[in-house]
Amino acid sequence: MTPRPHTTAPSPAGFLCRCIAVVFLLLFLLPASSPAQDMEYLLKAGFLEKFARFTEWPGQGEPAGPDRPFVVSVIGESPFQGNLEQLYTTEKIKNRQVRVRYISTPDEIDCSDILFIAGSEKNDLESILEATRGKPVLVVGDTRGFGERGCHINFYITPRGTVHFEINLAKVKESGLHMQLVLLEVSKIIY
């Protein structure tokens, strides 16, 4: 009988990072086009929590005020069809209750932690992004070209029908937000 080679166990931190990366990759393999578009937007609603988990806001590493709710704002015609409310009635983001707001003008963005820009705002994107410039608001979209035009994170559907996302790292840095490497490793980086 030959002895087995000795291997060392991975460090707990390294193991955790690999597990998180595997979970992200598995989520990418879920098809975005299900019998109803609801599944796609339920998946995207869940991703908002993942994005926040691996993003640090200036200061304490998360939005200020432990008793303040985590505010997710949607500007434009919401494609979520109640999925945000359904998911975040019980789920938290950054250990905070989640408050979902639907807004219609850039003036209402101020107290947002995450801003989702609907595709209906394609023609007003520049003024919306100008209202977030220099503010610690994570800006997310899901419309072709929104990443290149300045959204921090933009979802896209692959030819295989899976949900992926791109990150505009330069715009993230301008906002004062810091994304952890595990999030960057599973995204397409654009400039």
Side-chain angles (χ1 to χ4, degrees), residues 23-55 63 68-129 131-132 135 137-168 171-172 177 179 183 186-188 190:
V23 168
F24 265 114
L25 291 175
L26 289 175
L27 285 173
F28 286 139
L29 298 177
L30 293 175
S33 52
S34 64
Q37 192 179 15
D38 272 358
M39 187 61 186
E40 175 185 342
Y41 281 94
L42 186 58
L43 180 64
K44 289 177 180 179
F47 265 113
L48 296 181
E49 187 277 331
K50 304 296 184 259
F51 296 153
R53 182 182 304 175
F54 297 107
T55 300
R68 186 176 73 78
F70 192 97
V71 179
V72 176
S73 297
V74 178
I75 189 166
E77 296 173 20
S78 175
F80 288 100
Q81 303 173 9
N83 287 314
L84 289 171
E85 292 83 357
Q86 176 185 348
L87 183 62
Y88 293 114
T89 297
T90 55
E91 296 295 318
K92 294 182 175 185
I93 296 180
K94 296 274 191 187
N95 293 319
R96 292 185 168 84
Q97 297 295 324
V98 178
R99 179 174 166 224
V100 178
R101 295 179 17 190
Y102 296 94
I103 61 177
S104 56
T105 67
D107 298 335
E108 301 171 272
I109 292 171
D110 274 347
C111 65
S112 304
D113 296 306
I114 292 179
L115 174 67
F116 182 88
I117 304 175
S120 62
E121 303 308 293
K122 188 182 334 185
N123 295 333
D124 296 323
L125 183 62
E126 277 68 30
S127 63
I128 294 168
L129 292 173
T132 65
K135 295 179 181 170
V137 176
L138 183 60
V139 181
V140 180
D142 74 341
T143 303
R144 181 178 296 211
F146 274 23
E148 289 89 359
R149 290 174 66 188
C151 281
H152 300 153
I153 299 175
N154 192 50
F155 290 107
Y156 64 95
I157 306 297
T158 68
R160 290 182 38 202
T162 57
V163 175
H164 287 253
F165 59 91
E166 56 194 5
I167 295 177
N168 187 325
K171 293 299 179 182
V172 171
L177 300 171
M179 290 186 173
L183 185 58
V186 296
S187 69
K188 175 182 170 185
I190 59 172

ask   = Are any non-hydrogen side-chain atoms of Ile128 and Val139 less than 4.5 angstrom apart?
value = no
inquiry  = Applying the side chain to side chain contact (heavy atoms under 4.5 Å, CB included) criterion to Phe165, which one of Asn154, Asp142, Val186 satisfies it?
reply    =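 So, applying the side chain to side chain contact (heavy atoms under 4.5 Å, CB included) to Phe165 and each of Asn154, Asp142, Val186, only Val186 qualifies.
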ask   = Please walk me through it: do Leu84 and Tyr41 pass side chain to side chain contact (heavy atoms under 4.5 Å, CB included)?
value = CA-CA 9 Å; Leu84 289 171; Tyr41 281 94; over 6 Å; no
Met179 and Phe51: CA distance, side-chain angles, deciding distance, side chain to side chain contact (heavy atoms under 4.5 Å, CB included) verdict = CA-CA 8 Å; Met179 290 186 173; Phe51 296 153; over 6 Å; no
request  = Return the minimal non-hydrogen interatomic distance between Glu108 and Ser104, and the atom names on each side.
outcome  = OE1-N, 2.9 Å
task = Go through the steps for Glu91 and Val98 under the test side chain to side chain contact (heavy atoms under 4.5 Å, CB included), then give the verdict.
result = CA-CA 8 Å; Glu91 296 295 318; Val98 178; over 6 Å; no
message = Applying salt bridge (charged side-chain N to carboxylate O under 4.0 Å, His left out), can you list everything that pairs with Lys171, at least two apart in sequence or on another chain?
response =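 With sequence neighbours excluded, Lys171 shows a salt bridge (charged side-chain N to carboxylate O under 4.0 Å, His left out) to Glu174, given in chain and number order.
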query = Taking only residues two or more places apart in sequence, or in another chain, which ones meet Asp110 in a side chain to side chain contact (heavy atoms under 4.5 Å, CB included)?
reply = Lys135
task = Give the minimum heavy-atom separation between Arg101 and Cys111, together with the two atoms involved.
result =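 Closest pair (atom of Arg101, atom of Cys111, distance): NH1-SG, 2.6 Å.
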task = Supply the atom-to-atom distance Leu138 CG to Ile114 CD1, rounded to the nearest 0.5 angstrom.
result = 5.0 Å
message = Given 3.5 Å as the limit, does a donor-acceptor pair link the side chain of Ser120 with the main chain of Glu77, or not?
response =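 At least one qualifying donor-acceptor pair exists.
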ask   = Just how far is it from atom CG of Leu42 to atom CE of Met39, taken to the nearest 0.5 Å?
value =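 If I round to the nearest 0.5 Å, the distance is 6.0 Å.
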note = Taking every heavy atom of Pro106 against every heavy atom of Ala131, the minimum-distance pair comes out as CB-CB, 3.6 Å
query = Are any of the side-chain heavy atoms of Phe80 and Lys44 separated by less than 4.5 Å?
reply = yes
key: Backbone N/O of Lys122 and side chain of Arg149: donor-acceptor pair under 3.5 Å   = yes
inquiry  = So Ile93 and Val72, do their side chains get closer than 4.5 Å, heavy atoms only?
reply    =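 Contact flag for Val72/Ile93 side chains = yes.
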query = Taking C-beta and beyond as the side chain, do Ile157 and Val163 meet within less than 4.5 Å on heavy atoms?
reply =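 Touching, per the 4.5 Å side-chain cut-off.
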query = Do the numbers put Lys50 on top of the ring of Phe47, so that NZ or CZ is under 6.0 Å from the six-membered ring centre and no more than 45° off the axis?
reply = no
inquiry  = My understanding is that only residues two or more places apart in sequence, or in another chain, count here; which of them pass side chain to side chain contact (heavy atoms under 4.5 Å, CB included) with Gln97?
reply    = Lys92
task = Rounded to the nearest 0.5 Å, what's the gap from CD1 on Ile75 to OG on Ser112? Could you check?
result = 8.5 Å
Non-hydrogen atoms of Thr55 and Leu183 that approach each other most closely = OG1-CD2, 4.0 Å
message = Do Lys188 and Tyr156 form a cation-pi contact, if we require the NZ or CZ to be under 6.0 Å from the six-membered ring centre and within 45 degrees of the ring's axis?
response =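 Judged by the rule (NZ or CZ under 6.0 Å from the ring centre, within 45° of its axis), Lys188 counts as positioned above Tyr156.
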ask   = Do the non-hydrogen side-chain atoms of Phe116 and Pro79 ever get within less than 4.5 Å of each other?
value =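 Touching, per the 4.5 Å side-chain cut-off.
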inquiry  = Can you confirm whether more than 12 heavy atoms, excluding those of Glu148, are under 6.0 Å from its CD atom?
reply    =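 Atom CD in Glu148 is crowded, with more than 12 foreign heavy atoms closer than 6.0 Å.
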inquiry  = Counting the benzene-type ring for Trp, do Tyr88 and Phe70 have ring centres under 6.0 Å apart?
reply    = no
remark   = With Ile117 as partner, the option from Thr132, Leu125, Thr143 fulfilling side chain to side chain contact (heavy atoms under 4.5 Å, CB included) is Leu125
key: Interatomic distance, Phe155 atom CZ to Leu48 atom CG [nearest 0.5 angstrom]   = 5.5 Å
message = Using the salt bridge (charged side-chain N to carboxylate O under 4.0 Å, His left out) definition, which of the options Arg68, Arg99, Lys94 pairs with Asp113?
response = Arg68
